[in-house]
Student: 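Just dropping this structure here.
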Amino acid sequence: MDTVSVKDVGQYAGKEVKLQGWVYNLRKSGKIWFLIFRDGTGIIQCTVIKNLVDPEIFEKKSLLTLESSVIVTGIVREEPRSVGGYELTVKTVQEVQIADEYPIGKKEHGPDFLLSNRHLWLRSAKQSALLKIRHTVYYAITEYLNNNGFYRFDSPILTPSACEGTTTLFEVPYFEQGKAYLSQSGQLYLEAGIMSLGKCYDFGPVFRAEKSKTRKHLTEFWMMDAEAAYVKHEGNMKIQEELIRYVIRTAIERNKTELEILERDIDQLQKADAPFKKVTHREAIDYVNSKGASIGYSDDLGTQEEDLLVEGSDVPVFVEKWPAEAKAFYMKRDENDPSIVLGDDLIAPDGFGEIIGGSEREDNHDMLLDRMHQEKMNIAEYQWYLDLRKYGSVPHSGFGIGLERLVGWISGVRHIREAIPFPRTIYRINP
RNA sequence: UCCGGAGUAGCUCAGUGGUAGAGCAGGUGGCUGUUAACCACUUGGUCGGGAGUUCAAAUCUCUCCUCCGGAGCCA
C-alpha cells in the first residue's frame with residue numbers, strides 16, 4: 001500500500017492508500033461519519049461507514065477531535081458529491097495524537113485572537129493557500145533574476161549605519177564598537193556588488209522601527225533589492241515591469257487553486273499582465289488634484305493620492321521623476337532639470353500602495369558628496385560608498401520589492417500581516 | 001506621536017439605568033451522504049482594572065491598561 005499526498009489521490013482511484021495528516025473537520029451521523037482530512041497538500045473527505053469497518057474503528061468518531069493528527073487508510077473513490085472530486089472509503093483510522101480542544105473554531109474570529117493564535121491559524125485553508133502563493137512569488141522573483149543574468153549577493157543584516165533615514169533603525173549592542181543596526185535595505189551594498197558582478201540582487205528580511213499602524217506596514221518584512229551596472233532609468237523600469245508581469249503570470253499558472261480558495265478575482269489579476277502605466281510625479285499631482293486632492297508639486301503622494309491614482313486601473317502605475325527633496329540622497333539628478341531625480345515608485349492597484357521603489361543612482365562623486373552634505377550625513381561612515389564613485393564609476397540603477405505587499409496584492413488579502421508567517425508589528429512580537 | 005473605534009461565556013457578538021443573553025465551540029442523546037451538517041437537551045460569566053455618581057451601573061463620569069483602524073513615514 002502506498003503512502004500518498006492528498007494532491008495525488010486522483011492517480012490512485014480504486015486503490016488502497018495510506019494518508020498521513022490532520023483532522024480538519026468531523027461530521028458525525030448515526031451509522032456513517034465524515035472525516036475531513038488535510039495533509040498540507042490538499043483536503044479530502046474520508047467516509048467511515050459502520051458496516052464496512054471494525055466496530056473499534058467506527059467508534060473513533062467519539063475519540064477524534066479537530067486537528068488531531070491521524071493516519072488513515074482506505075480505498076480512493078471518484079465521488080462527484082465531494083469537494084475535490086475524490087473521496088476515501090476508510091478501512092482504518094489510527095490516531096497519532098488526540099488534540100486538545102482546538103481554539104480556532106468554524107465561525108469567524110477577530111484579528112487579535114487570530115494573531116495571538118498565529119501558530120495555529122496558519123493551518124486554516126486560506127492561510128495555507130496564502131503561504132503557498134508567497135512561496136511561488138518568492139521563487140518567481142528569483143527565477144526571473146537568475147534567468148536574466150543577476151547573481152545572488154547577500155547583503156549584511158547587521159550594519160554600522162542607516163541606508164536612508166536615521167529615525168527608523170532597530171539598535172543592537174555590538175561588542176566594543178557600541179551599537180549596530182538591523183538593515184533597512186541592502187541597496188548600498190549591492191552597489192558595491194555590481195562593480196564585481198555586473199548585476200546582482202539580495203533577498204532577505206529588513207527592519208524598520210517605524211511606528212506605522214496600517215495594513216501595509218510591518219516592522220520586519222522581506223525585501224528583494226536588485227541592482228545593475230550600465231542600466232539607466234528607462235531600462236530600470238523595463239526590468240521592474242517584466243519582473244512583476246512574470247510573477248503575476250507564474251502565480252496564476254501555479255496557484256490557481258489557492259487563488260480560488262482566497263476568492264481572488266483571477267480575471268482581474270490577469271489584466272494586470274499588460275503594459276504598465278507611466279506618469280511623471282508632476283503629471284500624477286495634476287491628475288489627483290483634478291480628482292479632488294490638493295497637493296503641491298514638491299509633495300510626496302499620500303495614501304489617498306495613491307488610491308486616486310490607481311483607481312479604475314487594471315495595471316500598476318509607475319510614478320517617475322520625483323522632486324529631489326522628496327527622495328533619498330543617492331538618486332541621480334535628471335540632466336534636463338536638476339530639481340528632479342530619476343526615481344520611480346510602482347503603485348499597485350487595490351490599495352496595496354507602493355510595491356517597488358527604484359531609481360538610477362548618482363554616479364558622480366562630487367554630486368553625491370554634495371547631496372550627502374545637504375542631508376547632514378556622517379561622511380566618514382559612507383566613505384566606502386563614495387569610493388565606488390572613484391574607482392570606475394558607471395551609470396547604474398536598482399530597485400526594491402516588498403515581498404509581503406506584492407503577495408498581498410496578488411492574493412487579494414486585505415492586510416499585509418497575513419502575507420508573512422509570523423508578522424511583526426509595532427505592538428506585537430508574539431508568537 | 002496624533003485622530004477615531006473597541007474590550008460582556010473558550011470564540012463572534014447583542015444588551016444605553018431595574019433578574020446576564022444568542023450563535024458557534026465543549027458535554028449528553030438522535031440521525032446511512034453530510035458540506036461552517038442538522039435536531040433536542042445541557043455545562044459555561046470578576047461585563048478589561050481601579051475609583052466615583054445613584055436606592056440600583058455591563059449601561060453614566062473620571063482614570064489606567066490592552067487591542068484594532070487610519071494619518072505621518074515607507075516597501
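Quick caveat, the model's predicted, so the values are computed rather than measured. Residue numbers begin at 1 in each chain, while the letters A, B, ... track the order of the sequences.
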Student: Among the nucleotides C68(B), C74(B), G33(B), which one has an atom lying closest to any side-chain atom of R417(A)?
Tutor: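 The closest nucleotide is C68(B).
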Student: Aromatic contact between Y12(A) and Y86(A), with the criterion being ring centroids under 6.0 Å apart: yes or no?
Tutor: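 No; Y86(A) has its ring centre 6.0 Å or more from that of Y12(A).
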Student: Could you state the NZ-C1' distance from K216(A) to A71(B), rounded to the nearest angstrom?
Tutor: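 In whole Å, A71(B) C1' and K216(A) NZ are 11 Å from each other.
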Student: Within 45° of the axis and under 6.0 Å from the centre of the six-membered ring of Y297(A), does NZ or CZ of R282(A) qualify?
Tutor: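 Yes.
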Student: Taking the six-membered ring for Trp, are the ring centroids of W384(A) and Y189(A) within less than 6.0 Å of each other?
Tutor: yes
Student: What is the base-pairing partner of C41(B), counting Watson-Crick and G-U wobble geometry with both distances under 3.5 Å?
Tutor: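 In the structure as shown, C41(B) has G27(B) as its Watson-Crick or wobble partner.
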Student: Can you check the R215(A) CZ to C68(B) P distance for me, whole Å?
Tutor: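 Whole-Å distance recorded here is 16 Å.
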Student: Taking only the C1' atom of each, what is the distance from U53(B) to A57(B) in whole angstrom?
Tutor: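 Rounded to whole Å, the distance is 10 Å.
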Student: Rounded to whole angstrom, note down the P distance from U12(B) over to U42(B).
Tutor: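 To the nearest whole Å, 26 Å.
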Student: For U53(B), which nucleotide in any strand shown is its Watson-Crick or wobble partner with both distances under 3.5 Å?
Tutor: none
Student: With rounding to the closest Å, how many angstrom separate the C1' atoms on C31(B) and C39(B)?
Tutor: 9 Å
Student: Please test Y24(A) against E67(A) for side-chain contact (heavy atoms from CB on, under 4.5 Å), starting from the C-alpha separation and ending with a verdict.
Tutor: CA-CA 6 Å; Y24(A) 192 66; E67(A) 289 301 325; 4.1 Å; yes
Student: Output yes when R264(A) and E258(A) qualify as a salt bridge under the 4.0 Å nitrogen-oxygen rule, no when they do not.
Tutor: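 Salt bridge: no.
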Student: So does R208(A) get a side-chain nitrogen or oxygen closer than 4.0 Å to the phosphate oxygens (OP1/OP2) of C73(B)?
Tutor: no
Student: P atom, G23(B) versus A9(B): distance in rounded Å?
Tutor: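 The same atom, P, in both gives a distance of 16 Å.
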Student: With a non-hydrogen cut-off below 4.0 angstrom, is G302(A) in contact with a base, only sugar-phosphate, or nothing?
Tutor: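 Sugar-phosphate, no base atom in range.
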Student: What integer number of Å spans the C1' atoms of U59(B) and G7(B)?
Tutor: 14 Å
Student: For a quick check of understanding: with a heavy-atom distance under 4.0 Å over all strands, which category does N51(A) fall into, base, sugar-phosphate or nothing?
Tutor: base
Student: Any strand counts, and the cut-off is 3.5 Å on both contacts for Watson-Crick or G-U wobble. Which nucleotide pairs with A22(B)?
Tutor: U12(B)
Student: Can you tell whether the side chains of E241(A) and R245(A) come within less than 4.0 Å, N to carboxylate O?
Tutor: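 Yes, E241(A) and R245(A) are salt-bridged.
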Student: Around atom NZ of K91(A), are there more than 12 heavy atoms from other residues, nucleotides or ligands closer than 6.0 Å?
Tutor: no
Student: For E87(A), answer base if it contacts any base atom (sugar-phosphate contacts may also be present), sugar-phosphate if it contacts only those atoms, and nothing otherwise; contact means non-hydrogen atoms under 4.0 Å.
Tutor: base
Student: If you assign each of E305(A) and I416(A) to its closest nucleotide in RNA chain B, which residue comes earlier from the 5' end?
Tutor: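 The answer here is E305(A).
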Student: Give the rounded distance in Å between these two atoms: CD1 of I104(A) and C1' of U12(B).
Tutor: 13 Å
Student: Can you tell me, in whole Å, how much space there is between the P of A75(B) and that of C68(B)?
Tutor: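 Taking atom P in both A75(B) and C68(B), they lie 23 Å apart.
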Student: Of all the choices, C74(B), G70(B), U34(B), which nucleotide is nearest to the side chain of T214(A) once you look at every atom?
Tutor: G70(B)
Student: Rounded off to whole Å, could you give me the CD-to-P distance for the Q304(A) and C73(B) pair?
Tutor: 13 Å
Student: Quick one: label I356(A) by what it contacts on the DNA or RNA (base, sugar-phosphate, nothing), any heavy atom closer than 4.0 Å.
Tutor: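 Since only primed, P, OP1 and OP2 atoms lie under 4.0 Å of I356(A), the category is sugar-phosphate.
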Student: Would you indicate, yes or no, if G72(B) has its OP1 or OP2 atom less than 4.0 angstrom from a side-chain nitrogen or oxygen of T303(A)?
Tutor: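 It does, given that an N or O in the side chain of T303(A) lies less than 4.0 Å from OP1 or OP2 of G72(B).
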Student: Would you mind telling me which of A36(B), C68(B), U12(B) lies closest to the side-chain atoms of L115(A)?
Tutor: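 For L115(A), the side-chain atoms sit closest to C68(B).
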Student: Measuring only the C1' atom in each nucleotide, how far is C60(B) from C55(B)? A whole number of Å is fine.
Tutor: 16 Å
Student: Within this structure, what is the CH2-to-C1' distance between W121(A) and C11(B), rounded to whole angstrom?
Tutor: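 Going from CH2 in W121(A) over to C1' in C11(B) covers 14 Å.
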Student: Spell out protein contact along nucleotides 21-31 of chain B as letters: B when the base is contacted, S when just the sugar-phosphate is, - when no protein heavy atom is under 4.0 Å; keep the 5' to 3' order.
Tutor: --SSSS----B
Student: Looking only at the side chains, is there a donor atom on one of Q268(A) and D314(A) sitting less than 3.5 Å from an acceptor on the other?
Tutor: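 The criterion, which ignores hydrogens and geometry beyond distance, is satisfied for D314(A) and Q268(A).
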Student: Rounded to the nearest angstrom, tell me the gap between atom CD in E79(A) and atom C1' in U34(B).
Tutor: 11 Å
Student: Does P423(A) have any side chain to side chain contact (heavy atoms under 4.5 Å, CB included) partners at least two apart in sequence or in another chain, and if so, which?
Tutor: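 Scan of P423(A) (side chain to side chain contact (heavy atoms under 4.5 Å, CB included), adjacent residues dropped) gives L115(A), R118(A), L218(A), R417(A), I420(A).
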Student: May I ask you to say what Q45(A) touches in the nucleic acid, namely base, sugar-phosphate or nothing, with a heavy-atom cut-off under 4.0 Å?
Tutor: base
Student: Would you call E306(A)-K216(A) a salt bridge at under 4.0 Å N-O?
Tutor: yes
Student: Assess whether a salt bridge exists between R361(A) and E227(A), defined as any Lys/Arg side-chain N lying under 4.0 Å from an Asp/Glu carboxylate O.
Tutor: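 Looking at E227(A) together with R361(A), the answer is yes, because their closest N to O distance falls below 4.0 Å.
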Student: Please work out if F113(A) contacts a base, only the sugar-phosphate, or nothing of the nucleic acid, heavy-atom cut-off 4.0 Å.
Tutor: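 F113(A): backbone/sugar contact only, no base atoms under 4.0 Å.
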Student: Rounding to an integer number of angstrom, what distance separates C73(B) and A36(B) when you compare their P atoms?
Tutor: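 Rounded to whole Å, the distance is 45 Å.
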Student: Can you give me the N/O atom pairs linking the protein to nucleotides 1-8 of chain B at distances under 3.5 Å, or say none if there are none?
Tutor:
from  : atom 1 : to      : atom 2 : distance (Å)
U1(B) : OP1    : K211(A) : NZ     : 3.4
U1(B) : O4     : K211(A) : O      : 3.3

Student: I32(A) has an atom CD1; how far is it from atom P of C38(B), in whole Å?
Tutor: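 Whole-Å distance recorded here is 17 Å.
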Student: In plain terms, say whether R405(A) and E418(A) are close enough for a salt bridge, that is, a side-chain N and a carboxylate O under 4.0 Å apart.
Tutor: no
Student: Which whole-number value in Å describes the distance from L406(A) CG to C74(B) C1'?
Tutor: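 So the CG-C1' distance, L406(A) to C74(B), works out to 16 Å.
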Student: Using purine N1 to pyrimidine N3 plus N6-O4 or O6-N4 for Watson-Crick, or N1-O2 and O6-N3 for G-U wobble, each under 3.5 Å, what pairs with G69(B)?
Tutor: C3(B)
